[in-house]
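Indexing begins at 1, ligand by ligand and atom by atom, following the structure's order.
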Amino acid sequence: MPTPLRPPKGASVHSSLSLLGWDDGHAQAFAPYAETHRPARVARVDRGAADVLTAESVDSAAVTWSPERALVDHRTAVAVGDWVALADGPAGLSVDVVLGRRSVLGRAVASGRSEEQVLAANLDTVLVTVPTTPEPKPGLIERLVALGWDSGAAPVVVVTKADLSPDPEGVAADAAAAAPGVEVVLVSVVAPGGLDPLRPHLAPGRTLCLVGKSGAGKSSLVNALLSADVLETQETRRDGKGRHTTTHRQLVPLPGGALLLDTPGIRGAGLAVTDTAVDQTFPEVEALVEECRFSDCAHRTEPGCAVLAALDDGTLSERRFDSWQRLQREAAWMARRTDARLRAEYARSIRLRNEEMRRAGRIRH
Ligand SMILES: Nc1nc2c(ncn2[C@@H]2O[C@H](COP(=O)(O)OP(=O)(O)O)[C@@H](O)[C@H]2O)c(=O)[nH]1
Ligand SMILES: [Mg+2]
Ligand SMILES: [Zn+2]
């Protein structure tokens, strides 16, 4: 289904691509394939095939954007948001090479599967989406913010359904307390101008991904920004509980030029985060840890423990401390568990890349 998109007047191939987030860095990564391939951005992945957005899929006259369909070999791990090199062969378009990823959402593995579970690639912003009503648990916000930091993109907390709460500002303030250093925006799809706080994040060429529980209002946000019901939203059930209808991750070009990725309900459970992401999520705790007298302080009974002192005088809440400890333990556990697997996967990805290089070389001749 064509998605409305307004490319600038007289848009060249390059500026069409820059609406998709293409820049000099991508051009450099693509250079070895430039003679034989076309660059494309993956908008949606299905088994064996992908919807891709290319410079050619913009029809500036009709102001529509129609993705092309490309085959994906089972050995090529493609994620939504990937930049790829497209080959045009006898069997049609195919995704030949996945260019290096700048950010990866959902690096870690939930189950025992040995495959990397990449939810999305090359994001600029992860929109941690929570409703005013029912009030979100701070632990959920922390987990999703950590997931955002972990991706390499910047998290922003979006508090939705401002119109439904008697005290939306209060809910936003609580959310901000669970996300120090992270911008919090309060939105509503029904209030006039209710999406304005989000607009500064939707500059042309930016890629944003909505994460959050089912029912948080993610698909409604996309629809409101498109001003068209491109994505199905769920009916409100009488019990107010969510039932998710978004079954596909799909990159949607917005009329203003940003790309928005809607995801089925992501709670963050099973998606482990790294140490670094935990540090970024709990900057005030990390600052305290720096002040502990002993560098290996366990913050239990040690003398000169700045964390215990802050807990005592109330500057650090027990809840934040517990949450920090829990995510730290998970990060440590996941690091141990994935270490051997990551080494094996890295070796495999190098082998695949070498094969791809050889293939690309053959095509060039
Ligand atoms: N009143 C109000 N309802 C909203 C708003 N945003 C979403 N909803 C409702 O919340 C429910 C869940 O929205 P949906 O977008 O499907 O959530 P998703 O599962 O995160 O994609 C739907 O019934 C929406 O109509 C809003 O800003 N205000
Ligand atoms: Mg949805
Ligand atoms: Zn300490």
**Student:** Is it the case that ligand 1 has an N or O less than 3.5 angstrom from some N or O of Ala216?
**Tutor:** yes

**Student:** For atom 1 (N) of ligand 1, which of Asp163, Thr133, Asp262 has the closest heavy atom?
**Tutor:** Asp163

**Student:** Heavy atom under 4.0 Å from ligand 1: found in Val189's side chain, backbone, both, or neither?
**Tutor:** both

**Student:** Return the name of the atom in His299, of element N, O or S, nearest to the Zn ion (ligand 3).
**Tutor:** ND1

**Student:** Between Arg319 and Asp322, does any side-chain N to carboxylate O distance fall below 4.0 Å?
**Tutor:** no

**Student:** Considering Ser219, Ser220, Ala224 one by one, which has a heavy atom nearer to atom 25 (O) of ligand 1 than any of the others?
**Tutor:** Ser220

**Student:** Salt bridge or not for Arg44 and Asp46, using N-O below 4.0 Å?
**Tutor:** yes

**Student:** Taking backbone and side chain together, does Ser219 place any N/O/S atom at a distance below 2.8 Å from the Mg ion (ligand 2)?
**Tutor:** yes

**Student:** Can you find an N/O atom of Val187 closer than 3.5 Å to an N/O atom of ligand 1?
**Tutor:** no

**Student:** Does a side-chain N-to-carboxylate-O contact under 4.0 Å join Arg38 and Glu68?
**Tutor:** yes

**Student:** With heavy atoms of Lys213 as the reference, note each atom of ligand 1 found under 4.0 Å away.
**Tutor:** 20 (O)

**Student:** Relative to atom 19 (O) of ligand 1, which among Gly215, Ser188, Ser165 owns the nearest non-hydrogen atom?
**Tutor:** Gly215

**Student:** Could a heavy atom of Thr160 be found less than 4.0 Å from some atom of ligand 1?
**Tutor:** no

**Student:** In plain terms, say whether Asp150 and Arg143 are close enough for a salt bridge, that is, a side-chain N and a carboxylate O under 4.0 Å apart.
**Tutor:** no

**Student:** Give the intermediate values and the outcome of salt bridge (charged side-chain N to carboxylate O under 4.0 Å, His left out) for residues Arg293 and Glu302.
**Tutor:** CA-CA 8 Å; Arg293 185 179 307 161; Glu302 288 84 349; over 6 Å; no

**Student:** Would you give the angle at the Zn ion (ligand 3) between Cys292 atom SG and Cys297 atom SG, to the nearest 10°?
**Tutor:** 120°

**Student:** Does Leu164 share a hydrophobic cluster with Leu198, counting links as ILVMFWY side-chain heavy atoms below 4.5 Å and allowing steps through other members?
**Tutor:** no

**Student:** Side chains of Glu142 and Trp324: is there a donor and an acceptor less than 3.5 Å apart?
**Tutor:** no

**Student:** Decide, yes or no, whether a salt bridge links Arg69 with Asp51 under the criterion of side-chain N to carboxylate O below 4.0 Å.
**Tutor:** yes

